[in-house]
Structure formats: C-alpha cells, structure tokens
Amino acid sequence: MTKVAFIGAGSVEFTRNVVSDLCSYAELQGELELSLHDIDAERLGQAEALVRRIDEQTGAGARVSSSIDRRAAVEGADYVINEIQVGGYRATRADFDIPERYGVHQTISDTIGIGGIFRGLRTIPVLVRIGEELAELAPDAYLLNYSNPMAMLPWAVCAGSPFQRVVGMCHSVRDTHRLLGELVGVPAGEIDFLTAGFNHQAFVLRFEHRGRDLYPALRAAIDADPELQRRVRVEIFRRFGYFPTESSEHSAEYVPWFLHHPDEVEHFRVPIGEYLRRSERNIDEFTSTRRELDEGGPLDIDTTSELASEFIHAHRTGRAREIYLNVRNDGLITNLPDECCVEVPAVVDATGPHPRRIGALPTQLAALNRTFLNVVELTVRAVLDGDRRHVYQAALLDPNTASVLTTRQTVAMCDELFEAHGELIPQALRRG
C-alpha cells in the first residue's frame, strides 16, 4: 500500500485535486491508503465524505480513514501533504485590518510583508512539530508542503526538527511558463525554460524555443500592448531583465515602489485586499461542496496534474518527471545562503527528488532575493530562537512596510498584531 496523509484535509480544493489525480492513476489502483486529518471536525467529515465519493466513482479501491489525532493520521505514511492555514480567516483578517489602519496596504499577505511575517509566526511552530512527529512516526516519508509562507516553512522544518525530507510545492512557476508561452505564441511544452530563485520571487533565466531566445519576442509583445504594460510583474521584468514568476498582485507587496503610491496602484491595477476576497470565495466553495455531497449525485471529477500527485506518481512508479520544488539550497544557487529554501527544477524518480544546480543568479536578481531573504530569515529565527526582537527587525526590513512606517509605528503595529493573534503566537514571543 501507498499511504498518503493529508494535514488540513478540510482545505477542499487541494484535497479534491490531489485525490482525484491519485485515484486516476492506473498504477495506484488498489494500492492507495488515504489518511485525512483536520482540527475542524466538520471540515474533516466533509473531506472524508468527498474522498470516499471520489474513490467510489473512480473505482480506485482506496482505503480511506480520518482522524482528529494528527499522530494517528501520519503514522507510517509514505507521503504527507500539508495544506494548513493556522488561524483561518479570522487571523488573515487581522493580518490585513491592523496594518491597513497604519497605512500599510497589502494584496495577498502570506509570504513576506507584515502579514507574511505573522502568518509565519503562527505556522512555523506547527510545521516544526509535524517534522518532529514524522521523524518518529514516518521517517521515510516525504513532507509535501503547500502552505505559505513557503520560503519560511521548509527552512524551519530542516533547521528546527530532525526531519529533512521536506519539499515545498507551488503553482507559480508552471503558471508563469504557460503565460509566457501564450504571450509569444509558442506552446509552453515546446519551450526550454530554466527558472530559479525564491518561491514567489523566482525568475525565468532561460526562455528558448529550439535554441532561439524568446525574450526579444516577449519584449515586442509588451511594447505592442499598452494594457500588458500595466502589470507589476511586467514592470519588474522591464527594470531587472528577467520575468518574475509571481503574479502582479503578489509581486507588488515584495518591493517598496507600488502600494503606497495611489497613482501607481491605479496605473498598475493593484488589487489591494485581494486575498480577503479569495478567502471569502473559499468559504463559499466549502458550502458548495457540502451541498454537492448532500445532493448525492455524481461529482464532477477532473484530473488537474496537481504537483503533489505528480511527485507521488513519479516516485512510486519510477517514471521520472521534472517538477519545480522548494528545497534547502545547499549550493544550488551559489550566491544565496546554503540554509535558505530555494525554488528550482528537480527530477523526481524512484530514488527521490534531484534538484538541479543553478550556479549564480544574475547580480540584480540575487539582490532582490536577498532583500526578500532578510524578512524570511529573521522570521524563522524569531520562532526557532524565541526572540521577539527578530519580529520587529523583520518588519523594519520588510520593503513594503518600511516604505510607509517609522520605526516606532512599525513596533506599535507589531504589538497590536501580537495581541490580536494571542495564543496562536509561540509562547516565547508573547509578553507577560
């Protein structure tokens, strides 16, 4: 049997997509054990009902179980898929509302920025505990992480627990490759890409078709389209020479040049507060899935080539495939620190993931990444060292926050966020 455990299984989008893919693989028919965990009993029950229906409709013959007890769910697992959001919508709301009162605008708020810092403070301790549990209960498993802040979480697991078999997964590289193919009129599958950097701030280093550099064609497409020029990521490409992998709304909050200038927000059409709207749609999706299950009819089951399912299939069958993963650097990118977590292509086969060594990034890209890294590293160290000062320092060095606030305002805003998140913050970082 192949045991796949889902932590945060009540996140219906990822659970549905990964399970639909896994149940579609002929090689895994009759071989799957799907173990579900969530701290919310209602969501867990819905996830179990959903997974059982997918299994029944596909005839996969999977063994399905669920448990509120995380240790029971992950014990003996071959793969553990993490999709948690610590604190849920309420915590996310605080991450937006409190900074907004100080004049700090955000769009997604889950990577760096003040929202990314506090999401990291809530989430890192949970991931480190999961790493400790896997070292004891499933030492040969792979932890496949979808949760943000991605650049922080695998780093924290490797640095803070005995467990090292952790990789991060994100759609941004694949989606960017598809977008670039559309912009130059060449199918993405025919293009030779090489992309690397940090999650949500990686860059397309090679963009070729049959040996021909496609960047001139991209520049021509941009020059011919005034609306395309009104995207943050296109502006970053024009100024730094390589196309970034993250969406314009996300990219805007990693740098100091956009969100506190109303004219730039308007010109580049930056959707402030976007993640709150997405979160509300996710709540609607949960309700819609419950209604779909209650009606008892057949589910719409679509395979999605989800990254976790591709990883599991390649590893289990030995049919190698390239997947972009977030892994410990260890010299993969030579002008970034070894201990940080970088996003690079990796060949996954029966022996595991084999990340590609990139060498040095262009100087200007490494400089952008190091600015990003300052916030990530200080947040990780704040949790692992139990040092509240590092939280203030991370916020003071954050590009978007620092473009708006004084030092005293930054500290006051952090103190309000500490208070708002309460027991979700590690004890060592709380006052009193």
Side-chain angles (χ1 to χ4, degrees), residues 13-14 16-18 20-28 144 146 150 167-222 224-225 228 231 233-234 236-237 241-248 250-251 301-327 332-333 342-359 361 365:
E13 177 188 359
F14 283 124
R16 184 172 191 157
N17 290 349
V18 175
S20 295
D21 284 352
L22 291 175
C23 287
S24 75
Y25 291 134
E27 300 92 336
L28 298 180
L144 310 180
Y146 277 105
M150 181 68 73
V167 298
M169 299 187 156
C170 178
H171 306 96
S172 61
V173 171
R174 184 169 66 181
D175 292 348
T176 297
H177 290 175
R178 186 181 299 117
L179 169 66
L180 289 176
E182 292 170 358
L183 291 176
V184 299
V186 179
E190 297 180 13
I191 298 174
D192 178 18
F193 287 106
L194 178 63
T195 299
F198 283 146
N199 176 242
H200 292 176
Q201 201 187 63
F203 296 88
V204 178
L205 306 175
R206 184 164 66 242
F207 179 33
E208 297 178 352
H209 182 239
R210 298 173 183 168
R212 177 173 66 94
D213 183 10
L214 291 175
Y215 266 130
L218 177 63
R219 291 186 180 93
I222 291 168
D225 187 344
L228 193 56
R231 295 188 185 183
R233 68 199 306 199
V234 170
I236 291 173
F237 162 58
Y242 296 86
F243 203 81
T245 57
E246 194 43 63
S247 63
S248 289
H250 236 343
S251 294
I301 299 175
D302 298 315
T303 56
T304 59
S305 297
E306 189 54 71
L307 298 172
S309 45
E310 289 189 348
F311 183 103
I312 292 168
H313 182 262
H315 186 238
R316 215 64 186 168
T317 65
R319 291 166 61 179
R321 72 173 80 213
E322 184 178 85
I323 305 173
Y324 275 80
L325 299 176
N326 292 271
V327 297
L332 299 173
I333 298 177
V342 295
E343 189 163 55
V344 296
V347 173
V348 182
D349 60 21
T351 62
H354 305 281
R356 186 186 305 184
R357 296 194 174 274
I358 304 299
L361 293 178
L365 304 186

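Side chains included, hydrogens not; waters and symmetry mates left out as well; all remaining heavy atoms used.
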Show the atom names and distances, to 0.1 Å, of all donor-acceptor pairs under 3.5 Å that link a side chain in residues 344-358 to residues at least two apart or in another chain.
| residue | atom | partner | partner atom | Å |
| --- | --- | --- | --- | --- |
| D349 | OD1 | T351 | N | 2.9 |
| D349 | OD1 | T351 | OG1 | 2.6 |
| D349 | OD1 | G352 | N | 3.4 |
| D349 | OD1 | H354 | NE2 | 3.0 |
| T351 | OG1 | H354 | NE2 | 2.7 |
| H354 | NE2 | G352 | O | 3.3 |
| R356 | NH2 | E322 | OE2 | 2.7 |
| R357 | NH1 | D330 | O | 3.2 |
| R357 | NH1 | G331 | O | 3.4 |

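- Among residues two or more places apart in sequence or in another chain, the salt bridge (Lys or Arg N to Asp or Glu O under 4.0 Å) test is passed with R16 by E292.
- Under the ring pair (Phe, Tyr, Trp, His ring centres under 6.0 Å) criterion, H200 pairs with H250, not counting sequence neighbours.
- Annotation: side-chain hydrogen bond (donor to acceptor under 3.5 Å, both in side chains) contacts of R231 (sequence neighbours excluded): none.
- In this structure D21 satisfies the side-chain hydrogen bond (donor to acceptor under 3.5 Å, both in side chains) test together with T304, S309, sequence neighbours excluded.
- In this structure, the ring pair (Phe, Tyr, Trp, His ring centres under 6.0 Å) partners of H313, at least two apart in sequence or on a different chain, are Y25.
- Legend: residues meeting side-chain hydrogen bond (donor to acceptor under 3.5 Å, both in side chains) with E343, ordered by chain and number and at least two apart, are N199, N326.
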Sequence neighbours left out, cut at 3.5 Å: what donor-acceptor pairs do the side chains of residues 178-190 make with other protein atoms?
| residue | atom | partner | partner atom | Å |
| --- | --- | --- | --- | --- |
| R178 | NH1 | D175 | OD1 | 3.1 |
| E190 | OE1 | H209 | NE2 | 3.2 |

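- Scanning for salt bridge (Lys or Arg N to Asp or Glu O under 4.0 Å) contacts around E27 gives R319, with sequence neighbours left out.
- Every residue meeting the side-chain hydrogen bond (donor to acceptor under 3.5 Å, both in side chains) condition with R206, not counting sequence neighbours, appears here in chain and number order: D192.
- Classified by interplanar angle (parallel below 30°, tilted 30° to 60°, perpendicular above 60°), the ring pair Y324/H177 is perpendicular.
- Scanning for ring pair (Phe, Tyr, Trp, His ring centres under 6.0 Å) contacts around F203 gives an empty result, with sequence neighbours left out.
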